[in-house]
Amino acid sequence: MPNIGLVLSGGFAKGAYQVGVLNAVREYFNDGKVRYISASSVGVLNAYAFANDRMDVIERMWKNLKFTGLRSFAYAYMRGPEITNVIDDLACGFSAEQPYFYATYLNISKMKLNYINLKDVDPAKMKDYLLASISLPTLTRTVNISGTRYADGAMVDNIPVAPLMKHPLDYALVVHFDPNNYLFENSYFDSKLIKINFFDEKIIRGSLAFDKDSVSYMIKTGYEESMTIFDMLFKTGFDDIEAVYQKIKFLNDLRGKKSFRLTGDVVVSNMNKVLKKVIRSKI
């Protein structure tokens, strides 16, 4: 059985697309094949629901969200009952059989990026960690956990592939919303990545004012596009790894010119930007 990873980026309201992707993943990989997960921002909530078989809870959240504008979104996203009630419903511990689960955090106390494996977290503190994963620096308050202040790490690393590099992956699904055709870290690692990238100009412009029709469209599109990719990649099964790699290369080459992305470079550059914002604000 292959070792499969999953990476979910942050994306504000565009995270509804990930719900559709995860529904397809659950349908296609329904016997625990996904063994390693890494996520940022709202991707943490989506992936956590997936890992704990609570997709019904997260899908209901997305369909009930109502917000317009950045400030309204920030309040609803961080303090509104639609989110906090969902976190109450989702929060629990991990069993030994569940996947490794890395969430991305900005450690405000030490001004560094942390990838925290939530399997190692005290279940009594899981709500705080989930809330911290969507705490938007400069817009909402940070979350104090055992004396350390944490916030959403997506501003520093929004496509957190790095935690999966230390595991024996055969391939990994990477879901993000950046229009660039990234080559992640190195050619060998990149050859294992199945990239599912949604970029719709109309939806992107309206990403902070989703109505129910837009959310439903995103969920439906995420499911359909993912199933099309999976049907193509795994038509002959999951275990012929070399055949899957050849098809991954074909799909990645179709996306055009590649933009090289090194996690270390991204983290340093984005951390400098965040530091400037932190200095000018109170968080």
Side-chain angles (χ1 to χ4, degrees), residues 1-9 11 14-39 43 46-47 49-56 58-59 97-101 159-161 163-165 167-200 203 216-259 261:
M1 180 184 296
N3 292 320
I4 300 175
L6 173 67
V7 179
L8 297 187
S9 78
K14 298 186 295 294
Y17 177 86
Q18 293 176 347
V19 174
V21 176
L22 291 172
N23 284 337
V25 171
R26 183 174 56 175
E27 185 173 320
Y28 234 97
F29 308 102
N30 58 2
D31 57 356
K33 288 188 175 71
V34 177
R35 298 180 180 179
Y36 312 102
I37 294 175
S38 181
N46 288 336
F50 169 81
N52 288 283
D53 198 24
R54 301 301 304 280
M55 289 301 297
D56 58 323
I58 207 71
E59 189 162 348
E97 294 76 25
Q98 286 173 297
Y100 288 86
F101 192 112
I159 314 175
V161 299
L164 300 193
M165 293 182 66
H167 291 288
L169 288 175
D170 289 308
Y171 37 83
L173 315 170
V174 180
V175 185
H176 68 94
F177 306 101
D178 193 310
N180 292 324
N181 180 23
Y182 286 122
L183 190 158
F184 291 93
E185 308 303 329
N186 56 66
S187 296
Y188 174 71
F189 180 70
D190 189 75
S191 69
K192 300 180 178 184
L193 303 182
I194 301 164
K195 299 161 190 174
I196 302 175
N197 182 14
F198 178 78
F199 192 78
D200 184 310
I203 293 296
S216 295
Y217 165 75
M218 291 284 279
I219 294 173
K220 179 175 181 290
T221 302
Y223 174 81
E224 292 177 348
E225 292 186 348
S226 299
M227 290 298 287
T228 298
I229 292 172
F230 298 159
D231 285 344
M232 186 275 231
L233 287 173
F234 305 115
K235 186 175 182 179
T236 57
F238 301 102
D239 296 322
D240 189 346
I241 305 298
E242 290 305 317
V244 173
Y245 287 168
Q246 291 176 10
K247 294 174 183 177
I248 289 175
K249 182 180 185 306
F250 173 77
L251 285 177
N252 289 343
D253 288 345
L254 285 179
R255 300 180 186 277
K257 184 179 179 181
K258 294 183 178 180
S259 174
R261 181 187 187 276

Check whether any side-chain heavy atom of [X] sits under 4.5 Å from a side-chain heavy atom of [Y], and report yes or no.
X: F234; Y: I194; value: yes
X: E242; Y: D240; value: yes
X: L193; Y: Y171; value: no
X: F189; Y: V161; value: yes
X: P2; Y: I241; value: yes
X: F230; Y: I196; value: yes
X: I248; Y: K195; value: no
X: Y182; Y: D190; value: no

Taking all non-hydrogen atoms of both residues, which atom of [X] and which atom of [Y] are closest, and how far apart?
X: I219; Y: A16; value: CG1-O, 3.3 Å
X: V244; Y: G237; value: CG2-O, 4.3 Å
X: P99; Y: Y36; value: CB-N, 4.0 Å
X: A47; Y: L22; value: N-CD1, 4.2 Å
X: N46; Y: M55; value: O-SD, 4.2 Å
X: F101; Y: A51; value: CD1-CB, 4.1 Å

Using modelled atom types only, decide if a donor and an acceptor are shared between the side chain of N186 and the backbone of Y188 within a distance under 3.5 Å.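 Yes: the side chain of N186 pairs with the backbone of Y188.
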When rounded to the nearest 0.5 angstrom, what is the spacing between [atom1] in [X] and [atom2] in [Y]?
X: N180; Y: R255; atom1: CG; atom2: CZ; result: 12.0 Å
X: I4; Y: L164; atom1: CD1; atom2: CG; result: 12.5 Å
X: L251; Y: L233; atom1: CG; atom2: CG; result: 5.0 Å
X: F50; Y: Q18; atom1: CZ; atom2: CD; result: 12.0 Å
X: Y17; Y: Y217; atom1: OH; atom2: OH; result: 9.0 Å
X: M165; Y: S38; atom1: CE; atom2: OG; result: 12.0 Å

With D170, which residues qualify under side-chain hydrogen bond (donor to acceptor under 3.5 Å, both in side chains), at least two apart?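 Per chain and number, D170 pairs via side-chain hydrogen bond (donor to acceptor under 3.5 Å, both in side chains) with no residue.
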Could you walk me through whether Q98 and I37 satisfy the side chain to side chain contact (heavy atoms under 4.5 Å, CB included) test, starting with their C-alpha distance in whole Å, then the side-chain angles of each, then the deciding distance to 0.1 Å, before giving a yes or no? CA-CA 10 Å; Q98 286 173 297; I37 294 175; over 6 Å; no
Which one of R35, H167, K192 satisfies the side-chain hydrogen bond (donor to acceptor under 3.5 Å, both in side chains) criterion with N3?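 It is R35; the other options fail the test.
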For side chain to side chain contact (heavy atoms under 4.5 Å, CB included), just list the numbers for R26 and D53, CA-CA rounded to whole Å, side-chain angles, deciding distance to a tenth of an Å, and then say yes or no. CA-CA 9 Å; R26 183 174 56 175; D53 198 24; 4.1 Å; yes
Evaluate whether atom NZ of K220 has more than 12 neighbouring non-hydrogen atoms of other residues, nucleotides or ligands under 6.0 angstrom away.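 No.
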Start with the C-alpha gap between L173 and Y28, add the side-chain angles, then the distance that decides, and say whether side chain to side chain contact (heavy atoms under 4.5 Å, CB included) holds. CA-CA 12 Å; L173 315 170; Y28 234 97; over 6 Å; no
Taking it one step at a time, do F198 and E225 satisfy side chain to side chain contact (heavy atoms under 4.5 Å, CB included)? CA-CA 9 Å; F198 178 78; E225 292 186 348; 4.0 Å; yes
Salt-bridge test for K235 and D231: reply yes if a basic N is under 4.0 Å from a carboxylate O, no otherwise.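 Salt bridge absent between K235 and D231.
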Please say whether the positively charged group of K33, taken as NZ for Lys or CZ for Arg, lies over the ring of F238, i.e. under 6.0 angstrom from the six-membered ring centre and within 45 degrees of the axis.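 Verdict for F238: a cation-pi partner in K33.
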